[in-house]
Amino acid sequence: MHESSQFLQNEFHALNPEQLQAVHHKTGPALVLAGAGSGKTRVVASRIGALIADGVPPESIVGVTFTNKAAGEMKERVERFVGKNVLISTFHSLGALILRQTIDRLGYSRNFVIYDTEDTEKLLKALMKELFGGMAPFEVKEARAFITEAKNGLSRLADSDLDRLYTLYMERLKAFNALDFDDLLFLPVTLFASHPDILASFQAKWTHLLVDEYQDTNMAQYTLTRHLVEKSKNLFVVGDPDQSIYSWRGANIQNILNFERDYPGAAVFRLEQNYRSTETILSAANAVIQNNARRYEKNLWSTSIEGEKISIYGGASEGDEAQFVAKTVEHLHSNENIPLDEMVIFYRTNFQSRSFEDALIRKKIPYTIIGGLSFYQRKEIKDILSFLRLLEHPQDFISFLRVINTPKRGFGEQFLSKIIAIAKKSGRSVLELFTTCEEPPCHLSPKQKEGWLDFARIMKRLEEIKASQTLPELVRAAITETGYLSVIDADPETRQDRRENLSELIAKAAEWEEVHSQSSLAAFLEEITLATSTDYMDSSSSRLSLMTVHNGKGLEFQVVFLVGMEEDLFPHINSKDSEDKIEEERRLFYVGLTRAKRRLFISSVSYRHLWGGARHMRPSRFLFEIPFELRKRISHPPSLDGMH
DNA sequence: CGCGTCACTCATGAA
DNA sequence: GAGTGACGCG
């Protein structure tokens with residue numbers, strides 16, 4: 001008997017009969033239809049514990065979650081139950097893990113670099129210029145959207161121009177030894193389909209697969225999963241069709257709805273008891289989601305207290321709305337002792353955060369914005385990381401483009417096309433020309449000549465430091481040895497901020513090296529690129545969180561503010577052309593509502609600054625779907641209730 | 001030929 | 001309010 005078995009006993013004891021059944025499901029496929037707040041994460045963690053207690057080797061279990069944060073928490077939980085380390089990650093990280101061991105079979109090298117959306121768009125833009133000159137038949141963003149759709153949906157492109165671009169794009173990524181986000185799912189599927197021996201080895205290694213948030217899997221994820229469990233059939237998925245909110249990145253709600261058809265003999269468990277929210281909040285959420293036509297019927301219930309009515313606030317402008325929220329937060333914090341990190345502001349689009357920031361700064365309420373432009377997407381961070389990426393991947397042309405003229409070395413478009421041609425002829429990468437040529441291979445102006453020597457010297461120096469020093473030292477060198485500080489100091493407005501961000505980057509590298517015993521630059525870069533926005537939620541300092549409803553998935557708070565509930569914003573204007581999209585917006589609203597444990601404030605305004613001008617706004621149709629008896633109109637924060 | 005400025009367009013969600 | 005392209009200067 002394990003010494004942790006008492007812990008496990010206690011953990012199981014707290015489960016209700018339905019949860020217990022799911023946890024102790026024997027073998028074969030299983031589907032857990034779990035409503036919001038029904039303890040599904042706990043079921044997955046407990047099941048992993050139960051599998052291990054039953055004698056399944058921990059290294060043959062794989063858990064897939066939607067964010068790295070959820071993965072980390074679940075890992076910790078399992079470790080607490082049974083004292084074993086289990087592989088739990090997101091689909092993208094799992095794809096990277098598979099490819100780091102096998103991608104050479106597809107002609108890439110194992111230390112590939114991962115391109116984010118910005119890198120991808122830069123490459124596509126260059127290729128479109130190459131292919132179509134100034135007359136591309138579509139925009140860069142459109143092209144990227146189509147390519148993403150094709151990869152995630154495992155489908156072909158219909159348009160021949162797009163098809164040419166796609167082919168060239170894949171060729172070029174391979175030449176740069178780079179993968180885009182979608183490749184992390186798409187290439188494992190390709191690999192499994194074409195290399196049965198590799199598939200067989202993973203099937204033998206991973207015999208138990210558990211997937212959380214299954215309603216948001218796309219075709220590539222579905223197929224990857226299917227491949228992995230083909231032999232063992234031990235697939236345990238958990239999800240809620242009512243919370244499917246990612247169709248725009250290829251998620252297919254049919255994956256969960258057709259589970260029983262796709263996996264014959266699947267056991268189905270339903271978790272309908274909600275442990276999170278008050279009766280009022282739950283009834284409102286149930287009533288709202290009833291308006292969706294095609295769904296798996298379910299009814300969440302709880303034994304919780306009735307709770308307060310849902311407060312509806314209507315303001316004149318976004319400034320009003322922000323002030324109302326800030327005042328209410330202040331009141332709840334100081335008069336009702338609700339910690340700031342137990343409250344959240346949810347909005348539909350990232351740009352809405354601005355007015356709230358203003359109001360919170362004025363009231364000196366500490367806050368963090370989750371999502372939007374993340375730390376690692378900032379220009380100065382990406383510039384420095386590009387120097388590092390280039391050390392690891394000399395063929396990475398996109399990173400080369402980023403840093404070759406930073407700071408300005410007099411290298412423009414003409415120079416670049418010349419140097420690319422020379423590199424092509426000599427069969428070397430552009431970077432190699434710099435590091436191996438004694439003399440520049442073409443005519444250069446004095447400034448360019450100096451720049452040439454300077455850049456060559458920088459790369460050699462960084463190379464030495466990489467070989468001899470620690471990771472944080474290397475990051476520091478990429479900032480100081482490259483002349484980057486002069487770039488930053490040129491703008492007194494942003495100087496301070498950017499210097500702080502760069503210090504932060506050095507600190508993150510130091511932190512990373514402490515946690516990971518062997519310091520691999522490639523692994524550090526990978527983790528940074530695959531981080532999810534909620535990964536950066538800091539639980540050590542109590543701050544109010546601001547985020548989009550999409551980012552709120554899987555989280556819960558005592559108090560939720562759902563703001564900007566207006567037609568064309570939520571539901572978003574781009575969703576108006578089809579009933580399916582409106583239903584997805586409604587599910588998103590449902591996700592927002594069900595994050596709240598005790599209190600819910602919903603607000604809308606009549607005028608909002610959008611697209612440069614003031615626009616009249618009408619309250620969202622979703623507001624009227626909340627039963628009248630569950631809501632109350634308020635015009636002031638709770639502290640001022642008695643004044644009118 | 002490179003670089004800075006200015007007018008102009010455009011605006012969901014994210015690993 | 002940010003990113004991009006055209007344009008004219010050095």
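Letters A, B, ... mirror the listed sequences (proteins, then strands); counts begin at 1.
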Taking [atom1] from [X] and [atom2] from [N], how many angstroms apart are they, rounded to a whole number?
X         : N       : atom1 : atom2 : answer
His550(A) : dG13(B) : NE2   : C1'   : 4 Å
Lys129(A) : dG5(C)  : NZ    : C1'   : 10 Å
Ile573(A) : dT12(B) : CD1   : P     : 11 Å
Asp180(A) : dA14(B) : CG    : C1'   : 14 Å
Leu610(A) : dT12(B) : CG    : P     : 11 Å
Lys141(A) : dG13(B) : NZ    : P     : 11 Å
Glu121(A) : dG3(C)  : CD    : C1'   : 12 Å
Glu139(A) : dG3(C)  : CD    : P     : 17 Å

Contacts of type ring-ring contact (aromatic ring centres under 6.0 Å, His included), residue [X], not counting sequence neighbours:
X         : value
Tyr214(A) : Phe259(A)
Phe561(A) : Phe601(A)
Phe411(A) : Phe415(A)
Phe66(A)  : Tyr246(A)

| message | What I want to check is whether an N or O donor and acceptor connect the side chain of Thr529(A) with the base of dA15(B) at under 3.5 Å. | response |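 No.
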Polar atom pairs (N or O), protein with nucleotides 5-10 of chain B, under 3.5 Å:
none

Partners of [X] by salt bridge (charged side-chain N to carboxylate O under 4.0 Å, His left out), sequence neighbours excluded?
X         : result
Arg249(A) : none
Arg402(A) : Glu118(A), Asp383(A)
Glu73(A)  : Lys69(A)
Glu567(A) : Lys576(A), Arg621(A)

Determine the contact category for [X]: base if any of its heavy atoms lies under 4.0 Å from a base atom, sugar-phosphate if only primed atoms, P, OP1 or OP2 are that close, otherwise nothing.
X         : result
Asn350(A) : sugar-phosphate
Ser93(A)  : nothing
Arg615(A) : nothing
Lys553(A) : nothing

| message | Holding to side-chain hydrogen bond (donor to acceptor under 3.5 Å, both in side chains), I want the full list of residues that pass it with Arg362(A), two or more places apart in sequence or in another chain. | response |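 Checked Arg362(A) against side-chain hydrogen bond (donor to acceptor under 3.5 Å, both in side chains); zero matches.
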| field | Step-by-step salt bridge (charged side-chain N to carboxylate O under 4.0 Å, His left out) determination, Asp180(A) to Lys151(A) | value | CA-CA 10 Å; Asp180(A) 66 18; Lys151(A) 285 188 184 177; 2.8 Å; yes
| field | Other residues, nucleotides, ligands: >12 heavy atoms within 6.0 Å of Glu139(A) CD | value |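 12 or below, so no.
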| query | Can a salt bridge be assigned to the pair Glu566(A) and Arg618(A) using a cut-off of 4.0 Å between side-chain N and carboxylate O? | reply |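 No, this pair does not count.
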| task | Output the single nucleotide from dA15(B), dT4(C), dT12(B) whose closest atom is nearest the side chain of Arg249(A). | result | dA15(B)
| Between Asn68(A) and dA15(B), does any side-chain N or O lie under 4.0 Å from OP1 or OP2? |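 Answer is no, no contact under 4.0 Å.
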| Base of dG13(B) and ring of Trp248(A) stacked, centres under 5.5 Å, planes under 30° | yes
Heteroatom pairs (N/O) under 3.5 angstrom, protein to nucleotides 1-3 of chain B:
| from | atom 1 | to | atom 2 | distance (Å) |
| --- | --- | --- | --- | --- |
| dG2(B) | OP1 | Gly412(A) | N | 3.1 |
| dG2(B) | OP1 | Phe415(A) | N | 3.3 |
| dG2(B) | OP2 | Gln414(A) | N | 3.3 |
| dC3(B) | OP1 | Gly410(A) | N | 3.2 |
| dC3(B) | OP2 | Asn405(A) | ND2 | 3.2 |

| note | Note: contacts of residues 575-588 of chain A with DNA chain B (heavy atom, under 4.0 Å) are none
